[in-house]
Each structure stands twice: as structure tokens, then as C-alpha cells.
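Chain naming here is simple, since letters A, B, ... match the order of the sequence lines and numbering starts at 1 in each.
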There are 4 protein chains.
Amino acid sequence: MAGSVNKVILIGNVGADPEIRRTQDGRPIANLRIATSESWRDRNSGERREKTEWHTVVVFNEGLCKVVEQYVKKGAKLYIEGALQTRKWQDQTGNDRYSTEIVLQGFNSTLTMLDGRGEGGGDRRGGSDFGSSGGGGPSYDDYGSQPSSSSSPSSSRGGSGSGSFSRDMDDDIPF
Amino acid sequence: MAGSVNKVILIGNVGADPEIRRTQDGRPIANLRIATSESWRDRNSGERREKTEWHTVVVFNEGLCKVVEQYVKKGAKLYIEGALQTRKWQDQTGNDRYSTEIVLQGFNSTLTMLDGRGEGGGDRRGGSDFGSSGGGGPSYDDYGSQPSSSSSPSSSRGGSGSGSFSRDMDDDIPF
Amino acid sequence: MAGSVNKVILIGNVGADPEIRRTQDGRPIANLRIATSESWRDRNSGERREKTEWHTVVVFNEGLCKVVEQYVKKGAKLYIEGALQTRKWQDQTGNDRYSTEIVLQGFNSTLTMLDGRGEGGGDRRGGSDFGSSGGGGPSYDDYGSQPSSSSSPSSSRGGSGSGSFSRDMDDDIPF
Amino acid sequence: MAGSVNKVILIGNVGADPEIRRTQDGRPIANLRIATSESWRDRNSGERREKTEWHTVVVFNEGLCKVVEQYVKKGAKLYIEGALQTRKWQDQTGNDRYSTEIVLQGFNSTLTMLDGRGEGGGDRRGGSDFGSSGGGGPSYDDYGSQPSSSSSPSSSRGGSGSGSFSRDMDDDIPF
DNA sequence: TTTT
DNA sequence: TTTT
């Protein structure tokens with residue numbers, strides 16, 4: 001479909017230490033639970049009320065997974081930009097079930113830490129020098145699948161490397 | 001939780017004519033199915049592939065519901081801004097099930113038609129004068145539950161009266 | 001124009017204590033300078049580089065202005081959602097000049113504090129009952145110019161009374 | 001700064017055919033003027049009013065520039081995602097002047113055509129197979145600085161190629 | 001002028 | 001200068 005946009009922006013706190021799994025060919029996948037909440041004053045009682053919403057975030061990007069692995073802990077406040085995806089699966093009785101997740105994969109996915117936690121631990125990017133639009137803190141823009149060749153015009157763009165921090169859209173990652 | 005954001009932005013097409021229900025006290029609720037899709041060229045086969053994602057959108061806002069009722073038809077292209085909400089329910093066997101929906105309710109919810117359809121049908125807002133940030137087309141910003149008392153602090157905020165919700169725009173505020 | 005969107009989302013730090021002015025009829029206007037920055041590793045030197053961008057934010061909404069006045073100080077980290085506006089003015093030599101600002105006014109404007117500062121200072125909303133979608137912290141959704149007439153179609157939209165602008169949230173709407 | 005976000009989202013119409021320039025080393029830069037507008041009913045007069053805002057968009061990304069060059073014409077409706085940037089320059093009298101633009105460069109930049117125009121002209125991406133999150137229409141996600149080397153781990157990611165559609169952040173492009 |  |  002021409003002209004389609006599917007974007008989720010969350011700022012919230014991580015409910016538990018992230019789980020990192022690996023695909024058979026070794027790529028990491030991180031799962032996060034993020035809480036957002038809104039509060040308001042009840043019109044009748046006048047008392048403050050709060051409602052929390054829990055979101056499941058799945059990170060397919062290698063670079064972002066590294067950030068998650070090294071820095072994201074229970075309680076961390078994150079900025080997340082990803083896309084909605086509803087996954088179909090079967091429960092034990094064989095019935096179709098659907099789960100909607102926020103997927104960080106490929107373009108226009110971002111994960112940025114909004115509190116100081118996890119910082120100062122050296123270069124979280126290991127030997128590579130990923131670009132980062134999020135500043136000095138653990139932040140990572142998943143800009144797809146950047147090759148690492150330095151001979152390309154733009155691979156010379158500092159960061160580069162990064163190479164692989166986005167899994168392929170058409171890969172069949174079991175999850 | 002201080003500092004929380006829960007925002008979904010979609011541009012996609014409506015899969016079927018919307019359903020409008022009513023609550024017991026008469027407020028409308030509209031349900032929409034919206035498709036977004038991405039396409040890419042497969043690295044191996046070289047052929048173009050496309051993946052469509054279907055989203056369930058629930059509109060609680062009366063003004064937005066009117067726009068939906070009058071203008072949104074199967075095939076319409078919409079811009080939607082809302083929030084994620086996961087609703088728990090029980091299936092016929094009593095098992096817990098969860099459905100994630102994009103809710104348009106309260107502030108920061110928007111629905112704008114991006115194609116010409118549905119326009120020109122007179123003032124869809126009837127006698128009311130809702131504001132619209134989306135221009136001349138059927139567009140509606142769901143600004144939630146506006147104070148009904150004229151003594152409320154914010155109703156004093158110029159504009160007031162929905163018709164003028166951009167009221168400041170034509171004021172000559174010196175700054 | 002049908003189907004128009006003009007939205008800016010910033011997360012950044014406030015460069016100086018905000019200035020609050022008042023219009024002749026007493027409405028407050030707050031001005032903020034917000035810095036965002038991106039950093040990356042230089043491709044040649046390998047050293048980390050950083051570029052800071054400064055944004056001028058103008059808050060026309062009374063409720064948001066109160067939040068700014070009471071809580072936002074130099075250094076605060078904010079989430080801002082507003083619209084771009086370019087203002088024309090004349091310099092002392094009479095030449096046309098243009099300034100582009102992020103305006104928080106009307107719907108779909110939000111200001112949320114992302115650090116703990118400013119919290120715990122009692123109810124910043126005083127006697128007023130603004131809604132807040134941002135949780136317990138100083139947060140405010142600028143929903144513009146709410147209808148002051150209780151006969152308006154949208155004031156009938158449940159919630160009403162700003163205090164409860166998420167009113168539907170605690171309603172038990174069957175769907 | 002850790003945890004910074006600078007994002008602009010526009011849906012609007014192009015005011016004039018785009019201008020494409022080239023840097024000394026041959027990379028294209030496209031300039032667009034985009035109009036967004038909001039309309040509302042005046043509270044006093046009851047008549048409909050409209051205000052148009054004009055935005056300057058600068059596209060540094062090669063892939064996006066190609067899309068602009070081939071498909072974007074005066075009147076086209078676009079979805080744009082970029083970042084704010086204020087550029088300092090000197091007028092003829094040597095006075096400092098500032099211009100704020102929406103820059104499409106690097107991560108998290110997107111340009112998608114929302115009307116049918118320009119479509120059907122074959123594969124606008126030439127021999128390359130860029131990834132695209134925007135569907136079958138002329139759409140392009142600027143995911144940073146992708147190298148063109150096919151030996152890179154991720155260049156195998158379908159689309160890839162694309163190579164160079166983002167100029168470097170620290171390049172000194174005169175404009 | 002912020003922040004890391 | 002767009003669009004409705």
C-alpha cells in the first residue's frame with residue numbers, strides 16, 4: 001500500500017530485567033515489558049486515579065539488543081520508537097491466539113535511555129562505532145542494515161560498522 | 001508514573017465500513033480496522049514482497065465518532081493518532097484473552113481523512129462547532145472531556161467554545 | 001487543507017529558567033529554550049562528536065504555563081509535543097525577519113517532565129482541575145479551548161470537567 | 001546529551017516543484033516547501049477560518065532525493081519525518097540570520113507520498129533494491145548511511161544497496 | 001544556554 | 001507557494 005505509516009512512541013519504565021534470546025543463527029532478540037501510565041483526578045470523588053498499561057516490546061536489532069543487554073534493567077525509563085505487529089500463535093489446545101507487540105526492527109526504530117542508569121560503562125558499542133542520534137547516553141537508532149564496508153560513501157560516516165543491527169524483515173525468526 | 005507517553009501514529013486504509021455501537025447512556029463508539037503495509041524487495045529472489053498489518057481502532061470520542069459515521073468508508077485512507085490499550089476478556093471457555101487496540105479517546109487523539117472521500121457533505125459537525133486541526137476536510141481532534149463549566153480555569157483560556165479551539169491563533173498576542 | 005499534520009516531538013533539556021509573560025488580558029505565555037543533541041563517532045578521527053540543537057518553545061496554554069512556572073527549571077528534561085510555527089517580525093531596520101518556534105497551544109500539545117525535579121510540591125494545579133495524561137508527575141496535555149457551554153455536543157462527552165478528562169477510562173464501557 | 005529526541009512529523013502539500021542541487025562531490029540535496037494548515041470556526045463570527053503554515057524541508061539523503069526528483073511535484077501530498085535544524089547565515093549586510101528547517105538525513109527520516117501521483121513509473125529505485133517501509137508507493141526510509149558494498153553482513157538485507165542515501169552529519173555541505 |  |  002502506498003503511503004503507509006505504522007509507528008509507536010512510548011516513554012515508560014521497564015517492568016523487569018529484559019530477556020535476551022538468540023536465534024539459531026546467533027542473532028539476539030530482546031524482550032521488554034514497558035509500563036506507561038496516566039493519572040487523572042476523578043470527577044466525582046476528586047481523588048487521584050491511575051491506570052497503567054503494559055506493553056511488550058521485541059527488539060530484533062543487534063545493536064539495540066546490545067544496548068538492552070548491557071544497560072536496560074528493571075525500572076529503567078526508556079524512549080521507544082517502533083512499529084505495531086500482531087503475531088498469530090496457537091495455544092496448547094490448538095486455538096488461534098494473537099499477540100500485539102511493539103517491534104524494533106529496521107528503520108525508524110529507536111531505543112533511548114532517559115535516566116542515567118547504565119551509563120558510564122565504557123563504550124557499550126563494543127569495538128564497533130555505531131552512529132547514534134540519541135546523544136552520549138545509551139541510545140541507538142536502528143537505521144536498518146548498514147554494511148560495514150568503509151569504501152562506501154556513507155559507510156565512512158563514523159558510526160558505520162554497526163552492520164547488522166537490524167534483522168531482516170523477511171527472516172523467519174521463531175519466537 | 002511521572003513522564004509517560006503512549007502514542008500510536010498510523011496512516012493506512014480502512015478495511016471495512018466502520019461499526020458504530022452505542023453505550024447504554026447513548027454515547028457512540030466506533031470500531032475500525034486499518035491496514036498498514038510495508039513492502040521491500042527480497043534479497044534472494046529479488047522480487048517485491050509486501051506485508052500487511054491490521055490494526056483495530058476504537059473511537060470513544062463523540063465528535064470523532066460522528067466523523068467516522070459520516071465520512072469513513074471501506075477503503076478510506078486515514079491518519080490516526082491514539083494510544084495503545086490492551087483489554088482483557090474471557091473466551092467462551094472462560095480463559096483469559098487479551099486484545100490490543102488503538103484507542104482514540106481524550107487528548108492527543110486525532111483522526112484525519114487523507115483522501116478526498118466523504119468531503120463536501122455539508123458540515124458534518126451539525127450544529128456544533130467542534131474545532132478541527134486538520135483543515136477543511138473531515139478531521140477531528142479528540143480533546144477529551146472538555147470542561148462543561150464556564151467557570152473552569154481553562155475554559156477561560158480564550159478559545160473556549162469548541163468552535164474556537166485554536167482561538168489563540170487569530171489573537172494578536174504580542175510576543 | 002484536508003488532512004494536514006504539523007507535529008514536533010522533542011526530548012531535551014531546558015537551557016535556562018523559563019520566562020513567563022502575560023498578555024494584556026492576563027493570560028500567561030511561557031518561553032522555553034530546549035536543547036537536543038546527537039552524538040556520533042567521527043569516521044576519520046574516531047573521536048566522539050556532538051551537535052546540539054536549540055529550540056524555542058512557546059507555551060500559550062494556561063495549564064501548561066502553570067506547570068512550567070512551578071516546576072520547569074534550567075536543566076530539566078522535558079518531553080514536548082507541539083506544532084511548528086514561523087512568525088514574521090521586523091528588526092530595527094525594518095527588515096522582515098522570521099522565527100520558527102514550537103508552539104504548545106490547543107490540542108495535541110503536551111509537556112511532560114522526565115526527571116524527578118519539581119515533584120512533590122503539592123498539587124501544582126491549585127484549585128483547578130486540569131486533566132493530566134502524563135501520570136503523577138507534572139504533566140499536562142494542552143487540550144486547547146474547551147467548550148464552556150454545557151450544551152455543546154462534546155461537553156456531553158462524559159468526562160467533561162477537566163479534572164476528569166480521561167473520564168471514560170474508569171467507565172465501564174461494554175465493548 | 002543522553003536521551004534526546006528531535007522529531008518533526010508533517011503531512012502537507014508541496015507548494016512548488018522541488019529544487020535539487022548538488023554538492024561539489026556530487027551528492028544531491030532537495031529543497032521542498034510544504035504547507036500544512038488548520039481550520040476552525042471562529043467563535044465570534046461563526047465563520048470558518050484557516051491558517052496555513054509553510055515549512056522548509058531539506059533532503060540530504062540520496063535515495064530520498066531520487067524519490068523527490070522523480071515523483072514529487074507541486075501539489076503532492078507528503079508524509080515527512082525528519083528533525084529540526086536551525087542554520088545560521090549572514091545576510092548581505094553581514095548580520096546574523098537564522099533559518100529553521102526540517103532536515104531529512106540519517107536515521108528516522110522518512111518521506112512518503114500520500115496521493116497517487118508519481119506512481120506507476122516503474123521502479124523508481126533503479127537497479128537498486130532499497131528497503132521501504134512505506135509500501136509500494138514512492139516511499140523511502142532514510143535509515144542513515146548505508147554503504148553499498150554487497151559483502152557487508154547486512155547489505156544482504158534485501159533492500160540494502162541504497163548505499164548512500166544519507167549524507168554525513170559532519171560533512172560540510174554548503175547550503 | 002542544557003545535558004552526558 | 002499547496003490543498004480543501
Colleague: Enumerate, in order of first residue number, the stems that involve DNA chain F, defined as 3 or more consecutive Watson-Crick or G-U wobble pairs with both distances under 3.5 Å.
Modeller: none

Colleague: Rounded to whole angstroms, how far apart are CE on Met113(D) and C1' on dT3(F)?
Modeller: 14 Å

Colleague: Between C1' on dT1(F) and CG on Leu32(D), what's the gap in Å once rounded to a whole number?
Modeller: 12 Å

Colleague: Just by distance, no angles: are the side chains of Glu50(C) and Ser37(C) close enough, under 3.5 Å, to form a donor-acceptor pair?
Modeller: yes

Colleague: Rounded to whole Å, please give me the gap between CG in Asp115(D) and P in dT4(F).
Modeller: 9 Å

Colleague: Can you identify which nucleotide, out of dT2(E), dT2(F), dT1(E), has its nearest atom closest to the Ala35(C) side chain?
Modeller: dT2(E)

Colleague: Check this for me: does any side-chain nitrogen of one of Lys73(C) and Asp17(C) sit under 4.0 Å from a carboxylate oxygen of the other?
Modeller: no

Colleague: Using atom CG of Asp17(D) as one end and atom P of dT3(F) as the other, report the distance to the nearest whole Å.
Modeller: 11 Å

Colleague: Give the rounded distance in Å between these two atoms: CD of Glu53(D) and C1' of dT4(F).
Modeller: 18 Å

Colleague: Please tell me if the side chains of Ile80(D) and Thr110(D) come closer than 4.5 Å, counting only heavy atoms from C-beta onward.
Modeller: no

Colleague: Is it true that the side chains of Asp96(C) and Gln90(C) contain a donor and an acceptor less than 3.5 Å apart?
Modeller: yes

Colleague: Trp54(D) side chain: which of dT1(E), dT2(F), dT2(E) is closest?
Modeller: dT2(F)

Colleague: Suppose we screen for salt bridge (charged side-chain N to carboxylate O under 4.0 Å, His left out). Which residues come up paired with Glu81(D), at least two apart in sequence or across chains?
Modeller: Lys7(A), Lys7(D)

Colleague: Can you figure out which of dT2(E), dT2(F), dT3(E) approaches the side chain of Glu50(C) most closely?
Modeller: dT3(E)

Colleague: Which heavy atom of Asn13(B) sits nearest to which heavy atom of Gly75(B), and what is that distance?
Modeller: OD1-O, 3.2 Å

Colleague: For Leu10(D) and dT2(F), what is the distance between atoms CG and P respectively, to the nearest whole Å?
Modeller: 18 Å

Colleague: Whole angstrom is fine here: how far is it from NZ in Lys77(C) over to P in dT1(E)?
Modeller: 20 Å

Colleague: How would you list, by chain and number, every residue that makes a side chain to side chain contact (heavy atoms under 4.5 Å, CB included) with Val8(C), sequence neighbours excluded?
Modeller: Leu10(C), Leu84(C), Ile102(C), Val8(D), Leu84(D)

Colleague: Taking atom types as they are modelled, is there a donor-acceptor pair under 3.5 Å from the base of dT1(F) to the side chain of Thr52(D)?
Modeller: no

Colleague: Return the value, rounded to whole Å, for the distance between atom CD1 of Ile80(C) and atom P of dT2(E).
Modeller: 18 Å

